[in-house]
Engineer: 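First the structure, which I've put down as structure tokens, then a few questions once you've had a look.
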Amino acid sequence: MSIHGELPELAAAVLQPGFVGTTAPDWVRRWLGAGLGGVALFARNVESPGQVAALTAQLRAEHPDVIVAIDEEAGDVTRFESRLGSSRPGNLALGAIDDAGLTEAVARDLGRELADAGITLDYAPDADVNSNPKNPVIGVRAFGAEPHLVARHTAAFVRGLQESGVAGCAKHFPGHGDTAVDSHHDLPVIDRTAAELAACELVPFRAAIAAGARAVMTGHLLVPAFDTELPATLSPRILTGLLREEFGFDGLIVTDAIEMQGVRRRYGLEGAIVRALAAGADAVCVGGEHADEQIAIRLRDAIVAAVRSGELPEERLHDAVRRVRALGSWTTRVQTATGARAVADAAAGNEVAVLGSTVGFEAARRAVRVTVADGGPELPVTAVPHVVEFAPARNIAIGSETPWGVGEPLAELLPGTTSIRFSADDLESLADPAAPVLAGAGGRPLVLVVRDVHRHPWIAGTLSRVLAVRPDAIVVEMGIPVAVTGGVHIATHGATRALGRAAAELIAGLNVPAPQPIAA
């Protein structure tokens, strides 16, 4: 397909809109026939692998090289397995194991699964260095807090994912790790010098590019060392000067969701998309919140108007379209060669068994770390336990639909296990928040499940009160393990289904063979 065409067709080519439903809406199919370059799938679009294969077949019938993107980090952020939770451990757990061959194997396994369902672009891996433990949006999504560890696992993930023809997308350039602000809600400022950024945040992105990453996602971040006025997504100095010219990246630059307040609040949807393309972005993700044809029309028309007014050079739009179409043709070529495209076509509409990555569950068992206090109880427990899960508010990236915890898998292993979950609303107003936590336990083993206890004073305060009464309690930290508390402390390094199962196995004493390293 030529990069030339009518302006509306070219403008549509750079959009990656979301939509509602588990089949392709009429408007999306019409747009694909009129130049739309790609779509973004979310949890609302996923019921089963067979259903996704049928959906992507509908899309390919209109545009064989369509980019079908999904935000599947295979960790706490999962769209493909959002109904059950990820059967893989996630980035922080893989970083804790620090076996790059294992990370590559997990990503390869993920790539095959996505490709077999017709997905061609994964908004992963997260290449951020989570150097600020109070970060409200990255946390366990990062491989860790040390740049070179993050770099080697980012590169390994990219290599594994792309073997199946699913393009990897390192995010959020130039690095979202050192912030206490969520760019979904406001504009974070990364207040580091250029030298500090080069030694930390930028290291994993260089590694991703060296590993052949086909895409990089921008972050809605103000980085004064490079641009004192414009967020990275809208900054020519960062996207063209740094990423294209200095780093030599020639793949697809895709924006983080353009409706996020980090850019939308000041520039509006239309202003943000035009500035992003002018700065050097090639594709625009939209539709997590706004998933209808009217938004797509507004954005397409804004691009057309900007070209006609001279605000967006036409050659810049042509360049963006060229990269969109190049990525689409690469995924078609590789997925055809591997046989994944034939699998996706054959799987369309067929029921597929519940997802469950063997590699992922084995990796999860290797990620769990146990610390026993002096005089603390031994594992496994010798009686049926009571589980209390503390549920902090989840950020938009993780979403609210994905189940997590230890209570359910532990009840499967030890019938009779009881569990209860508390939120801040349940406990913060109580004079003694420990009372309802202790009420269900009696003399039974008590398992306290938390996520990022260091970021949530209501959890930390309640936990302190409970442990004063029950110092023998088992604490399972499913976020970043900043503090070690309890008679036994189990750090899972994430809250995926696989990690919840791994923690439950330890508590129950299930006879699980010692996992062996997995060859790349």
Engineer: Check for a donor-acceptor pair, side chain of Glu270 on one end and backbone N or O of Ala302 on the other, with a separation under 3.5 Å.
Structural biologist: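 No, Glu270 side chain to Ala302 backbone: no donor-acceptor pair under 3.5 Å.
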
Engineer: May I ask you to decide if Ile119's main-chain N or O and Gln335's side chain share a donor-acceptor pair within less than 3.5 Å?
Structural biologist: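 A pair under 3.5 Å: yes.
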
Engineer: Would you say Arg44's side chain and Leu41's backbone share a donor-acceptor pair under 3.5 angstrom?
Structural biologist: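 It does not hold such a pair.
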
Engineer: Please check this pair: side chain of Ser329 against backbone of Arg325, looking for a donor-acceptor N/O pair closer than 3.5 Å.
Structural biologist: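 Side chain of Ser329 to backbone of Arg325: a pair is present.
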
Engineer: Please check if any side-chain donor atom of His172 sits under 3.5 Å from a side-chain acceptor atom of Asp128, or the reverse.
Structural biologist: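 Checked: His172/Asp128 side chains pair up, N/O donor to acceptor below 3.5 Å.
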
Engineer: Quick check on Glu62: does its CD atom have over 12 non-hydrogen neighbours (other residues, nucleotides or ligands) under 6.0 Å away?
Structural biologist: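 More than 12 heavy atoms, drawn from other residues, nucleotides or ligands, come within 6.0 Å of this atom.
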
Engineer: Walk me through whether Arg244 and Asp282 qualify under salt bridge (charged side-chain N to carboxylate O under 4.0 Å, His left out).
Structural biologist: CA-CA 12 Å; Arg244 286 276 185 236; Asp282 305 303; 2.5 Å; yes

Engineer: What verdict does the side-chain contact (heavy atoms from CB on, under 4.5 Å) test give for Leu243 and Ile209, after you've listed the backbone C-alpha separation in whole Å, the side-chain angles of each residue and the deciding distance to 0.1 Å?
Structural biologist: CA-CA 10 Å; Leu243 184 53; Ile209 293 167; 3.9 Å; yes

Engineer: Does the side chain of Phe361 reach to within under 4.5 Å of the side chain of Ser87, using non-hydrogen atoms?
Structural biologist: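 A side-chain contact under 4.5 Å exists here.
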
Engineer: Just checking, Arg451 and Trp404: is the charged tip under 6.0 Å from the six-membered ring centre and within 45° of the axis?
Structural biologist: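 Satisfied, under 6.0 Å and within 45°.
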
Engineer: Below 4.5 Å, heavy atoms only, C-beta onward: do Arg341 and Thr332 meet side chain to side chain?
Structural biologist: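 In contact.
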
Engineer: Given side-chain contact (heavy atoms from CB on, under 4.5 Å), test Leu239 with Thr218 step by step and report yes or no.
Structural biologist: CA-CA 8 Å; Leu239 299 191; Thr218 69; 3.5 Å; yes

Engineer: First locate atom CD1 of Ile97, then atom CZ of Arg365, and finally report the distance between them rounded to the nearest 0.5 Å.
Structural biologist: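 Between atom CD1 of Ile97 and atom CZ of Arg365 there are 12.0 Å.
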
Engineer: Check whether any side-chain N or O of Asp452 sits under 3.5 Å from a backbone N or O of His454 as a donor-acceptor pair, and report yes or no.
Structural biologist: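 No: the side chain of Asp452 does not pair with the backbone of His454.
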
Engineer: Does some side-chain heavy atom of Phe173 sit less than 4.5 Å from a side-chain heavy atom of Ile238?
Structural biologist: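 SC-SC contact between Ile238 and Phe173 confirmed.
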
Engineer: Distance-only, no hydrogens or angles: does the Asn130 side chain make a donor-acceptor pair with backbone N or O of Ile138 under 3.5 Å?
Structural biologist: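 The answer is no, because no donor-acceptor pair under 3.5 Å joins these two groups.
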
Engineer: Has the side chain of His220 got a donor or acceptor atom that lies under 3.5 Å from a matching backbone atom of Ala257?
Structural biologist: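 Judged by distance alone, yes, a pair lies under 3.5 Å.
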
Engineer: Report yes if the side chains of Arg369 and Ile490 come closer than 4.5 Å at any heavy-atom pair, otherwise no.
Structural biologist: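 No. Closest side-chain heavy atoms not under 4.5 Å.
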
Engineer: Assess, by modelled atom type and distance only, whether the side chains of Glu72 and Thr78 contain a donor and an acceptor separated by less than 3.5 Å.
Structural biologist: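 Yes.
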
Engineer: Taking the basic N atoms (NZ, or NE/NH1/NH2) and the acidic carboxylate oxygens, is any pair closer than 4.0 Å for Arg88 and Glu113?
Structural biologist: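 A salt bridge is present here (some side-chain N lies under 4.0 Å from a carboxylate O).
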
Engineer: Compute both the distance and the angle, then confirm whether Arg206 meets the cation-pi test with Phe247: under 6.0 Å from the six-membered ring centre, within 45 degrees of the axis.
Structural biologist: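 Judged by the rule, Arg206 and Phe247 form a cation-pi pair.
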
Engineer: Report yes if the side chains of Glu201 and Asp178 come closer than 4.5 Å at any heavy-atom pair, otherwise no.
Structural biologist: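 Yes. Closest side-chain heavy atoms under 4.5 Å.
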
Engineer: What's the separation between atom OG1 in Thr338 and atom CG in Asp116, rounded to the nearest 0.5 Å?
Structural biologist: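 These two atoms lie 7.5 Å from each other.
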
Engineer: Does this structure show an ion pair linking Asp319 with Arg322, if we count only N-O contacts that are shorter than 4.0 Å?
Structural biologist: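 Looking at Asp319 and Arg322, the cut-off is met.
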
Engineer: Has the side chain of Arg141 got a donor or acceptor atom that lies under 3.5 Å from a matching backbone atom of Val137?
Structural biologist: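 Judged by distance alone, yes, a pair lies under 3.5 Å.
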
Engineer: Measuring only between side-chain heavy atoms, which start at C-beta, is Leu299 closer than 4.5 Å to Leu269?
Structural biologist: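 A side-chain contact exists here, since the closest heavy-atom pair is under 4.5 Å.
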
Engineer: For side-chain hydrogen bond (donor to acceptor under 3.5 Å, both in side chains), just list the numbers for His493 and Asn91, CA-CA rounded to whole Å, side-chain angles, deciding distance to a tenth of an Å, and then say yes or no.
Structural biologist: CA-CA 9 Å; His493 303 95; Asn91 284 2; over 6 Å; no

Engineer: Look at the side chain of Gln162 and the backbone N and O of Arg214, then say whether any donor-acceptor pair between them is shorter than 3.5 Å.
Structural biologist: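 A pair under 3.5 Å: yes.
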
Engineer: Hydrogens and angles aside, do His176 and Asn135 bring a side-chain donor and acceptor to less than 3.5 Å of each other?
Structural biologist: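 Their side chains do not contain a donor-acceptor pair, so the 3.5 Å distance test is not met.
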
Engineer: Measure across Gln16 and Ala283 and return the closest heavy-atom pair with its distance rounded to 0.1 Å.
Structural biologist: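 Heavy-atom minimum between the residues: NE2-CB, 3.7 Å.
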
Engineer: Between Arg159 and Glu163 (salt bridge meaning N to carboxylate O under 4.0 Å), is one present in this structure?
Structural biologist: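 Judged by the 4.0 Å cut-off on N to carboxylate O distance, Arg159 and Glu163 do not form a salt bridge.
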
Engineer: Is there a side-chain contact between Val158 and Pro125 in this structure, where contact means two heavy atoms from C-beta onward sitting under 4.5 Å apart?
Structural biologist: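 Yes; the side chains approach each other to less than 4.5 Å.
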
Engineer: Quick one: does any side-chain atom of Lys171 pair with a main-chain N or O of Val216 as donor and acceptor, under 3.5 Å?
Structural biologist: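 Judged by distance alone, no pair lies under 3.5 Å.
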
Engineer: Mind checking whether Phe390 and His456 have side chains closer than 4.5 Å, heavy atoms only?
Structural biologist: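 Of all side-chain heavy-atom pairs linking His456 with Phe390, none is under 4.5 Å.
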
Engineer: Just checking, is any N or O donor in the side chain of Thr496 or Ser86 under 3.5 Å from an acceptor N or O on the other one?
Structural biologist: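 Ser86 and Thr496 do not have a side-chain donor-acceptor pair below 3.5 Å.
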
Engineer: I'd like to know if Glu362 pairs up with Arg366 as an ion pair, taking the criterion as any Lys NZ or Arg NE/NH1/NH2 lying under 4.0 Å from an Asp or Glu carboxylate oxygen.
Structural biologist: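 No, Glu362 and Arg366 are not salt-bridged.
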
Engineer: Can you name the one residue among Leu327, Thr331, Val66, Thr56 that meets side chain to side chain contact (heavy atoms under 4.5 Å, CB included) with Thr120?
Structural biologist: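 The residue from Leu327, Thr331, Val66, Thr56 that satisfies side chain to side chain contact (heavy atoms under 4.5 Å, CB included) with Thr120 turns out to be Thr331.
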
Engineer: Identify whether the distance between the nearest side-chain nitrogen and carboxylate oxygen of Arg60 and Asp65 falls below 4.0 Å.
Structural biologist: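 Salt bridge between Arg60 and Asp65, a charged N being under 4.0 Å from a carboxylate O: no.
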
